[in-house]
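For the numbers below, each heavy atom of this structure counts, side chains included, while hydrogens, waters and symmetry mates do not. Residue numbers start from 1 in every chain, and the chains themselves are labelled A, B, ... in the order their sequence lines are given, proteins ahead of strands. Quantities reported herein were computed from a predicted structural model and do not represent experimental measurements.
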Protein chains: 2
Amino acid sequence: MNLLLLEKKDFIGAGKVLVSGRRFEHIKKVLKAKTGTMLSCGLINNRMGTAIVTGFYDDCLEMEVTLDKDPPKPIPLTLVLALPRPKMLKRIMESVVSLGVKDIYLINSWRVEKSFWKSPVLEKDNLEKYFRLGLEQGKDTMMPNLYQKRFFSKFVKEELPIIGKDSLCITAHPKTSNICPNDVKKKTTLVIGPEGGFIELEVKTLEKSGFETFSIGERILKVETATTYLISRLFT
Amino acid sequence: MNLLLLEKKDFIGAGKVLVSGRRFEHIKKVLKAKTGTMLSCGLINNRMGTAIVTGFYDDCLEMEVTLDKDPPKPIPLTLVLALPRPKMLKRIMESVVSLGVKDIYLINSWRVEKSFWKSPVLEKDNLEKYFRLGLEQGKDTMMPNLYQKRFFSKFVKEELPIIGKDSLCITAHPKTSNICPNDVKKKTTLVIGPEGGFIELEVKTLEKSGFETFSIGERILKVETATTYLISRLFT
């Protein structure tokens, strides 16, 4: 936890919060904070600043909060991801949010196992939990938007061209010799397939919607590794 | 499995192999291969090529192998990593090997929990298992070298200057305003700290050995995410 993420309901007065539960335990046991300790903090979807511990109780702590700076800039990326297996999805959500991604579409694809769509990981409360972990890690307060799209063809043909309008539209696909651009310095919509890749028909549908395919060379990466790798490559 | 990784002992004659166990199960159940199916293959620490299924048995399959091309180039990076927690170590080993890293040092640091050094993950056979998964993923045959160094100060003062000789020497450290270079196009020795970072004394010791500190900006990433992020940034 590099940033204590606060909610409106934590406030008990102007600039005063009570923090309990997971965050309290972490501050006590891992950060070993005491009265007077200063931590980085931020209010969800709002500004960031510092919090000073003013009171330590059995199950909560009181802090004085100053919110005096803006959260870091998001990266100008819309990430469209074939739904990964649940365990990997958790980690990917946390890592892409820590990297500053704010718009995420989870989509179906031929090689996405049907059972993945039934995972509790996809429930709103759980996703929000991973997002919070990502924000706490990356020192950010702005929650991402996540959309779940279960009909590949309808989504790619009807919605994706609108989503990708005025942005660089690319599909990461190992089976092509076009090499992915780097440091693009512009709004980008990046589509990443499932383990095993998109099938040819899906690649064609994406191409018809304006998404050119790019690879990162001879090596093939796991979706989890590829996601971070591509974000770094596109935005450094 | 994007590449079937073969060992010398799989060969039963010139260009003929018998494959059993985990690889057999994967080829049968996931890749759904039949007689005549052609797969990418490679011999450990040797060349790569194709394998054609010539016989399918209950617990193994026979293949005809042609090894006619070289494995992909390694990336010119020596990765020095404060020992991560075992579960994360597994994933990091697999991902960095899939990315083409060939020299890895796992080192101690103030914030590395002592228990991590006792993990079975660090046993030679287990590490080799993760390396194989990484090679199969990244389509490569060249095994990396891994060294375990339990004495931070001795290692950084005596060995690291020799390891880093004639290379760009950098420590990833969030608490600095120097921004990490990208696309360095040269031999690099990259030191990455534990969750929570190196302590100041460790950073100073690294600096004395010629390792300047760099951050990647305001955001702080998990070691796992940071490793892939930095490799992508340094070598694209």
Atom of [X], atom of [Y] and distance for their closest heavy-atom approach:
{"X": "A/P72", "Y": "B/R219", "result": "CG-NH2, 3.6 Å"}
{"X": "B/S232", "Y": "A/R233", "result": "OG-N, 3.4 Å"}
{"X": "A/Y229", "Y": "B/T236", "result": "OH-CG2, 3.4 Å"}

Closest-packed option against chain A by number of heavy-atom pairs under 4.5 Å, given [options]:
{"options": "B/G138, B/C180, B/G217", "result": "B/G138"}
{"options": "B/K73, B/E94, B/Q137", "result": "B/Q137"}
{"options": "B/S95, B/P174, B/S98", "result": "B/S98"}

Stepwise, does the side-chain contact (heavy atoms from CB on, under 4.5 Å) test hold for A/K139 with B/E218? CA-CA 8 Å; A/K139 300 188 87 172; B/E218 291 169 277; over 6 Å; no
Who wins among A/D140, A/T227, A/L221, A/I179 for the most heavy-atom pairs under 4.5 Å with chain B?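 Winner by heavy-atom pair count: A/L221.
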I'd like to verify something: which residue of A/I231, A/T225, A/L230 has the highest number of heavy-atom pairs under 4.5 Å with chain B?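 Among A/I231, A/T225, A/L230, the one with the most close pairs to chain B is A/T225.
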Side chain, backbone, both or neither: which part of A/V97 has an atom under 4.5 Å from a heavy atom of chain B?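 Contact with chain B involves the backbone of A/V97 alone.
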Just verifying a value: how many Å separate B/I220 CD1 and A/M1 CE, rounded to the nearest 0.5 Å?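 The CD1 atom of B/I220 sits 13.0 Å away from the CE atom of A/M1.
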Let me see the working for A/K222 and B/R91 under side-chain contact (heavy atoms from CB on, under 4.5 Å), right down to the final yes or no. CA-CA 11 Å; A/K222 274 198 171 180; B/R91 291 199 298 265; over 6 Å; no
Using heavy-atom distances under 4.5 Å, tell me whether B/L99 contacts chain A through its side chain, its backbone, both, or neither.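 For B/L99, backbone and side chain are both near chain A.
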More than 12 heavy atoms of other groups within 6.0 Å of B/K102 NZ: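 Atom NZ in B/K102 is crowded, with more than 12 foreign heavy atoms closer than 6.0 Å.
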Around A/K187, counting heavy atoms of other residues, nucleotides and ligands shown, do more than 12 lie under 6.0 Å from its NZ?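 For A/K187, atom NZ is crowded (more than 12 foreign heavy atoms under 6.0 Å).
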Begin with the C-alpha distance, continue with both residues' side-chain angles, and end with the deciding distance and a verdict on side-chain contact (heavy atoms from CB on, under 4.5 Å) for B/E224 and A/E224. CA-CA 10 Å; B/E224 201 176 350; A/E224 200 177 350; 3.7 Å; yes
